[in-house]
Structure formats: structure tokens, C-alpha cells
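Here the structure is laid out as C-alpha cells; the discussion comes afterwards.
Both counts, for ligands and for their atoms, begin at 1 and track the order of listing. Hydrogens, waters and symmetry mates play no part in the numbers below; they use all other heavy atoms, side chains included.
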Amino acid sequence: MKTKIINYPDLIEARNRQKSDTIFLDASTAHLKEMEELGKGKKYYIHTYGCQANVRDEETMRGMLESVNFTKTEDPSEADVIIINTCAVRENAEDKVYGEIGNLKKYRRINKKLVLGICGCMVEQPEILQILQDKFPEVNLYFGTHEIDQLLDLIYETYNSDIRLISIKSKQGEVIENKLVKRNNEYKAFVNIIYGCNKFCTYCIVPYTRGKERSRKFNEIMDEVRELKKANYQEITFLGQNVNAYGKDLNEGYDFADILEEAAKMGIPRIRFTTSHPWDFSSKMIEIIAKYDNIMKCIHLPVQSGNDEVLKLMGRRYTREHYLNLVKEMREKIPGLSLSTDIIVGFPNETEEQFKDTLSLVDIVKYESAFTFIYSPRRGTPAAKIDDNVSYADKSRRFKELVKHLEVNIEKDAKSYVGGTYKVLVDGASKTDKDMLSGYTESNKLVHFKGDESLIGKIVNVKINESHTYSLLGELVNE
Ligand code: SAH
Ligand code: SF4
Ligand code: F3S
């Protein structure tokens, strides 16, 4: 098999952004005619790892594939196109992908025409791309996060051919509108508002894999929200690596608070957003969140560490004091606020005292939920070059200690629901018990209760009878 390289990624190119304006494009529909024939009677399988940005990219790929008659399958053995949409944020995310490709590669021997494609953040790193090529000669398509809109052309060229195609350009990125989309859900939707990231936290690979910060135009976003409202969507989540930065790269005069307010006025029952960097969370945003009932009182505010020296080494651009003051303002102005966070333990050379500062911050803030990670060096990032004197055993111990601290408040918070009645957006049958439904409260607590599947996609009242650390048990209440 010959390898055809259209573009190859380069981390230095990915880091060096130009100040030039973002290019706005409309999604191309070229090749649709030939592809319509190709897709007939054929199936695709996509598995997505990583964050909501990747989930939303999957929805675009599904929209494109289904527009040319491919149908979805959950069974890779019957697929004509297999796509693994990868995440590079930590080593364990990458290990899962190596494992899955190992399982899927046999299908290329069984079906010689098959497209086995790898996309997403992992392949944006040249060294990882090389490892993948060496390890898995069966893979015949690699494309990057900036090439999603070319998916149909790439499949057209790869299917039933003897070439391996690599199309991954490390570019700052464009904003492509009117992309096709097949959403994973009929009542909850993700809406991109800003792509990429300019923060370059020293441990993080995302700014390299996703390009520079670039906002969608205000009207494009609002058109999408209007369509979702018309289609009776119950919940939308605005997406960005840092939604607070919305609009700073445009000269339209709108900021993220304007997005929230305009969407709230359209009357979508639940509006959420993720993620917010603590550095540029404005008082105006806090006021708008407090003002509208349909903006959920949930803020995901990653802190990463409670120690100023570590925060500085991480390049986070805020201090512990700034963070705590922000939390104070939020708690004062937004009654019923539910705060969640991301925390990294074991950043290179983190001392026991510095770690204790994270514990004390957790005790002060009293998060309602949290994602915790052990630091994972990412090749090409500044932090990966620091010699680290902390053993993995110490990091694991700290990790467990941190989770214990967090769970004190998470459990207490869960208990406070017992006896109360809450609005729950019903998601589906519970994963553990088919007779039970599950859904989320406005504050994002997972609730299980008995009910009929006809309630899926609706907002119902549930009285909470029992609490566990990470879920609640309740019963349906008639209004
Ligand atoms: N844009 C978001 C986060 C995206 S990555 C934000 O800044 O809030 C999600 C989380 O993964 C981060 O908040 C961080 O806690 C974690 N993370 C990122 N890089 C990591 C690394 N190298 N090792 C461990 N955790 C990491
Ligand atoms: Fe990564 Fe920092 Fe950007 Fe979040 S803000 S994606 S942690 S660089
Ligand atoms: Fe992972 Fe890329 Fe998202 S690295 S967390 S899928 S932006």
C-alpha cells in the first residue's frame, strides 16, 4: 500500500499562529453525486473519545455520511467505513485508542475495500502519527481536526483503493458554517460558539490540536439556536474550550454574556455552557446567569491547583485569591449555584504543601462535582520538559486523598436533595436497570426513577427519596 501525504502535522507550525483574521467558509458539497452512489447500502461505524468538541465533530461526520446514504451501525464487523475519533489530552485516553485499533484492524483483512480512518486530536501530533503508522499498517486514512469538512472526499479516495491517505494540516483553523449535522440526541444539543484555544496552559495539548481561538459569528449561532428551539429541543450546551473568550477575536461587539442572554430570551428550557476559564469570567456573565431562569445555575470552573506557584507554572493566569473571590461573587449573586471543576494532581515537582493547598481550596469552595486527573506529560508542551521529582506512587496517593476530600461535599450536597422535588430532563433507560429511567436535574445531578419510556426527552418532576455519592433515587410526581 502506497502512502499519499496531502498534509503532515507540525507542532511548531501549530504553535506559531499568525494574527491574520479568521477565514469564514461555507461547507463544501462537492463530490456529493458520486458519493451518493458509493454510500448506498453501506454502513459506517464511528467511535468518539474525548470532550464534547469531539462529540460535536462526530455529529458533523454523521451528517455528512448520512447525506450520501451511508447508514449507522454499532457493529464494526459490518461497517464499510470505520472512524475512530481520538483524544490526546492524557496518556490513558491514547492507550484506549491503541487498544481499539488493535481490535479493529482485522476487519481490513476481511474486507479489503474497508476504510479504517483515524481522526481527532491524537493524529495532530507528528510523533503519535508516526507510532500509529508503524504499529498499524492496516489503517488507510488519517485526517485531522481541521479536515472534518473534507471527510467525503477523503473516503471517496480511500475506499477500495490501495493507498493510505494522510491529510492533517497544523493550521490555525477556519470557521466553517452550514455543515451538515446528524445530532446524537433529539432533545439535547451541543452548539459550538468558539473553536480552538489560545491559553497554552503549559501541560495541555489542546491549543496545538485545535488551532487558535476563533468565534462563530453571533447571527450564525443564534440561527442554530432558533432552529433547535423550533425543533423542540429542551436543552442546549454552548461549547468552547473557553466560552468566556467568545467574540474577542471578532469585531461584532458581542461577548459571551450576550450569547447567553439572547438564547435565554428565545425560551429554550435549559441552557448550559462549558468550559469557562476563571481568568476572564466577567461580572456581566454572572448577572445574566442569575437573571434568567432558563440559564442553568451550573458553572464548570476548572481550578487545576490551589497553589499559586503551581498555577503560575501551569500558565493559568490567575491566583488562588482571584479564583476564590470569583467563586464568592458567583455564590453571592447566583442562588442555588452548582459549581464543578477540573483538578490535576502531581504536576511536575508539586510538593506536599502545594498539594495541601489544593485540598484546602476544595474544602473552601465545596464543589458539587469534579473531574480529577493525574498529570500526564504531553510531548511538545512546555511542562513535559520539566524534570519531575514526584514518584507515581505519591501522585496516586494524592489523587485518592483529593477524591476523598471532594466526596465529603459531593455526598453532603446529594443528601440535601432528599425529600425535595426536582425537575428532571429524562434521558433514557438507566444503564444499570432497564425498568428505571434516568435523567438530570437542572443542577446536573443524575437521578434514577421508575417511569415509562414515553417520558424520554421530557422534563418531569421527581421526588428524591435516596442519595448516593454520584446519583439520586426518586419517584415520579404528577403535577
Ligand atoms: N478547556 C478546558 C479543558 C479541556 S481539557 C479548560 O481549560 O477548562 C479538560 C481537562 O483535562 C483540563 O481542565 C485539565 O484538568 C485536564 N488536563 C489537560 N491536560 C492534562 C494533562 N496533560 N494531564 C492531566 N490532565 C490534563
Ligand atoms: Fe488546555 Fe488551558 Fe486551553 Fe483549557 S484553557 S484547553 S486547559 S490550554
Ligand atoms: Fe481530547 Fe481534543 Fe477534546 S485532546 S479533550 S478531544 S480537544
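By the 6.0 Å and 45° rule, K96 does not stack over the aromatic ring of Y49.
Note on C201: counted as a metal contact of atom 2 (Fe) of ligand 2, an N/O/S atom lying under 2.8 Å.
For F273 and F256, the gap between ring centers is short of 6.0 Å. For Y208 and F200, the gap between ring centers is short of 6.0 Å.
Residues D308 and T319 bring no donor and acceptor atom of their side chains to less than 3.5 Å of each other. A donor and an acceptor atom, one from each side chain of Y44 and E66, are located under 3.5 Å apart. Between the side chains of Q354 and S305, no donor N or O sits under 3.5 Å from an acceptor N or O. Under the 3.5 Å distance criterion, with hydrogens and angles disregarded, no donor-acceptor pair is assigned to the side chains of R164 and Y142.
Distances below 4.0 Å separate heavy atoms of P207 from the following atoms of ligand 2: 8 (S). Of all the atoms in ligand 2, the ones that sit under 4.0 Å from a non-hydrogen atom of V206 are 6 (S). Below 4.0 Å from some heavy atom of N54 lie the following atoms of ligand 3, by number and element: 6 (S). Which parts of ligand 2 touch K199 is read off a 4.0 Å heavy-atom cut-off, strictly below it: atoms 3 (Fe), 5 (S). Shown in contact with F200 at under 4.0 Å from a heavy atom are these atoms of ligand 2, numbered in order with element: 8 (S). Interface atoms of ligand 2 facing C204, defined by a heavy-atom separation under 4.0 Å, are 1 (Fe), 6 (S), 7 (S), 8 (S).
Counting heavy-atom neighbours within 6.0 Å of E329 CD, excluding the residue itself, gives a total above 12.
Considering CG of D413 and OG of S369, their distance stands at 9.0 Å, rounded to 0.5 Å.
By the 4.0 Å heavy-atom criterion, A88 is counted among the residues contacting ligand 3. For the ligand labelled ligand 2, residue R210 lies outside the 4.0 Å heavy-atom shell. Using a 4.0 angstrom heavy-atom cutoff, Q241 counts as in contact with ligand 3.
Nearest non-hydrogen protein atom to atom 2 (Fe) of ligand 3 is C121 SG, 2.2 Å. Atom 3 (Fe) of ligand 2 has C197 SG, 2.3 Å as its closest protein atom, hydrogens excluded (heavy atom only). The single protein non-hydrogen atom nearest to atom 4 (Fe) of ligand 2 is R316 NH1, 4.4 Å, given as residue, atom name and distance. Here the protein heavy atom with the shortest distance to atom 7 (S) of ligand 2 is Y203 OH, 3.4 Å. Regarding atom 1 (Fe) of ligand 3, its nearest protein heavy-atom neighbour is C87 SG, 2.4 Å.
Within the 4.0 Å heavy-atom criterion, both parts of C51, backbone and side chain, lie near ligand 3.
Side chain of N178 to main chain of D26: no donor-acceptor pair is present (N/O by atom type, distance under 3.5 Å, no hydrogens or angles). R214 places no side-chain N or O within donor-acceptor distance of the main-chain N or O of T22, the cut-off being under 3.5 Å. N54 places a side-chain N or O within donor-acceptor distance of the main-chain N or O of T86, the cut-off being under 3.5 Å. Y45 contributes no side-chain N or O that, together with a main-chain N or O of I84, makes up a donor-acceptor pair within less than 3.5 Å.
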Test salt bridge (charged side-chain N to carboxylate O under 4.0 Å, His left out) applied to E174 and K169, step by step: CA-CA 12 Å; E174 294 139 345; K169 193 160 168 57; over 6 Å; no

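In this structure, ligand 1 sits under 4.0 Å from heavy atoms belonging to V89, R90, Y203, Q241, T275, P302, Q304, R316, D342, I344, F373, I374, Y375, S376, R378.
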